[in-house]
Amino acid sequence: MDTLLRKVALPSDQDASGRNLGQEEIAAVSEAILSGTLTSTKGRFVKTLEQRFAARLGVKHAFACSSGSAAVHCAVAAVDPEPGDEIVTTSITDMGALAPILYQGAIPVFADVDPRTCNVTAESIAAVLSERTKAIIVTHLFGNPCEMEPIVTLARTRGIPLIEDCAQSFGATYDGRHAGTLGDIGTFSLQQGKHITTGEGGLIVTNDDALARRIFLFINKGWGYGDPEPDHSFLALNYRMSELCGAVAVAQLEKLDAAVTRRIELAGQLAELLRGVPGVSVPFVGPRGIHTYWKYCIRVDADVVPEGVGGIARLLREYDIFTAPRYIQKPAFMCEIFQKKRTFGKSSFPFTLARPEAVDYRLERFPGTVEALEGILVIPWNDRFSEQDVRYIGEGIRVSVDTLRGVR
Ligand SMILES: *Cc1c(COP(=O)(O)O)cnc(C)c1O
């Protein structure tokens, strides 16, 4: 192993080293606590957050909720699938984006991804649409927006609601428009490791009044707060964000633009450093998209670099650079939930209602996904990295590739 590099401790998004949590958040939380009102139904912080987030994205409605998973659940509940209806989603995403589909009695139908970006495409979505498709959910993976124009056109032409999962893509744009506002509903996560955080938390945006009404009710046990004669109008949970998180979120939101700018700037530096490293490709970003680098995902050609991503990850560990070869290891549909259809008791509901083709979760149906996961190495990314940190990562990759190729 090379001794060229002196070890650097990289900032981590799991603690203070890599999070911008400070006096602003403390002041806001103190104010929330001293107000004595910690529920968003009466307090002012969550309302402020919702107003500011809507204004930032230029949308009519924004709602805060308890997690990114809850945000996706609200979006699915808003489109109100019948049991057994299908919701097209992506094979490379967080389980928090998939479980809500099953909880609403709908069937997740996976679209394959473009191996260059790990994102779904209009073609891969079109290939799995059926007369039972109730909604499409796209994920802008790692902060890199999907190629949206053909996807939006497809959804509009077929009259299918389009949901954008932006848990990893705060600040991302396509054609200058904010990710989350190109479709019908956008969802965001404020979990510990996202661009900004409240520990746990989520946001949902929409311009559609009817969808907004259902989202509001779904967050609030179906209870129509503010109605003349409120009632529990349909089955729903309590997905509210508390004022404590709301206070942190209001302060965090002020820091989002700087974080996004810095992440993009540092990503440009790493791309420079990796230029000419054999077998390594930097993220592919379409000409209409702005990628905001939740993570920095490189592709490695195992024909050029022996042992490929696994080898590089192993060598980088010796530098205390902890990367994720193959990201989620296996496509979402290879998890037990799907393979064994483990849902409610022994029922397998709602899979029992599915068309067999819709739940054909075999790897060979997803060549893009297999190719994508085989070749990617996900590098932690952080707006608190220094330029020296980025040089360290770049050198670490270069040295690892050279070592594996036997030229060092
Ligand atoms: C993190 C994440 C979620 C879930 O968000 P939580 O706040 O962890 O519930 C959903 N989708 C994607 C793409 C994510 O990265």
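Indexing begins at 1, ligand by ligand and atom by atom, following the structure's order.
Which parts of ligand 1 touch Ser69 is read off a 4.0 Å heavy-atom cut-off, strictly below it: atoms 4 (C), 5 (O), 6 (P), 9 (O). Heavy-atom contacts of Thr93 reach the following atoms of ligand 1: 13 (C) (cutoff under 4.0 Å). Of all atoms in ligand 1, numbered sequentially from 1 with element shown, those under 4.0 Å from a heavy atom of Thr139 are 13 (C).
Between Phe188 and Phe53, the ring-plane angle classifies as perpendicular under the 30° and 60° cut-offs. The aromatic rings of Phe110 and Tyr361 lie perpendicular to each other, with more than 60° between the two planes, well past the 30° mark. Ring orientation note: the planes of Phe351 and Phe338 are nearly perpendicular, at an angle over 60° on the 30°/60° scale.
An N or O contact shorter than 3.5 Å is missing between Asp94 and ligand 1 by distance. Checked against a 3.5 angstrom limit, the closest N/O atoms of Trp294 and ligand 1 fall outside it. Ligand 1 has no nitrogen or oxygen under 3.5 angstrom from a nitrogen or oxygen of Val72. Taking any N or O of Ser189, backbone or side chain, at least one lies under 3.5 Å from an N or O belonging to ligand 1.
A salt bridge links Arg213 and Asp227; the closest N-O separation between the charged side-chain nitrogens and carboxylate oxygens is under 4.0 Å. Look at Arg44 and Glu31 and you find a salt bridge, because one of the NZ, NE, NH1 or NH2 atoms lies within 4.0 Å of a carboxylate O, short of that distance.
The CG atom of Leu373 sits 7.0 Å away from the OG atom of Ser91 when rounded to the nearest 0.5 Å.
Nearest heavy atom pair, residue Thr41 against residue Lys47, reads O-NZ, 3.6 Å.
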(request) Under the salt bridge (Lys or Arg N to Asp or Glu O under 4.0 Å) rule, what do Arg52 and Glu254 come out as? Steps first, then yes or no, please. (result) CA-CA 10 Å; Arg52 291 190 186 167; Glu254 297 291 315; 3.7 Å; yes

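The shortest contact between atom 10 (C) of ligand 1 and any protein heavy atom is with Asp165 OD2, 3.6 Å. The protein atom (non-hydrogen) at minimum distance from atom 6 (P) of ligand 1 is Gly68 N, 3.5 Å. The shortest contact between atom 15 (O) of ligand 1 and any protein heavy atom is with Gln168 NE2, 2.8 Å.
By the criterion of a heavy-atom distance under 4.0 Å, the side chain of Ala167, and not its backbone, is placed next to ligand 1.
When the heavy atoms of Gln191, Glu200, Lys194 are ranked by distance to atom 14 (C) of ligand 1, first place goes to Lys194.
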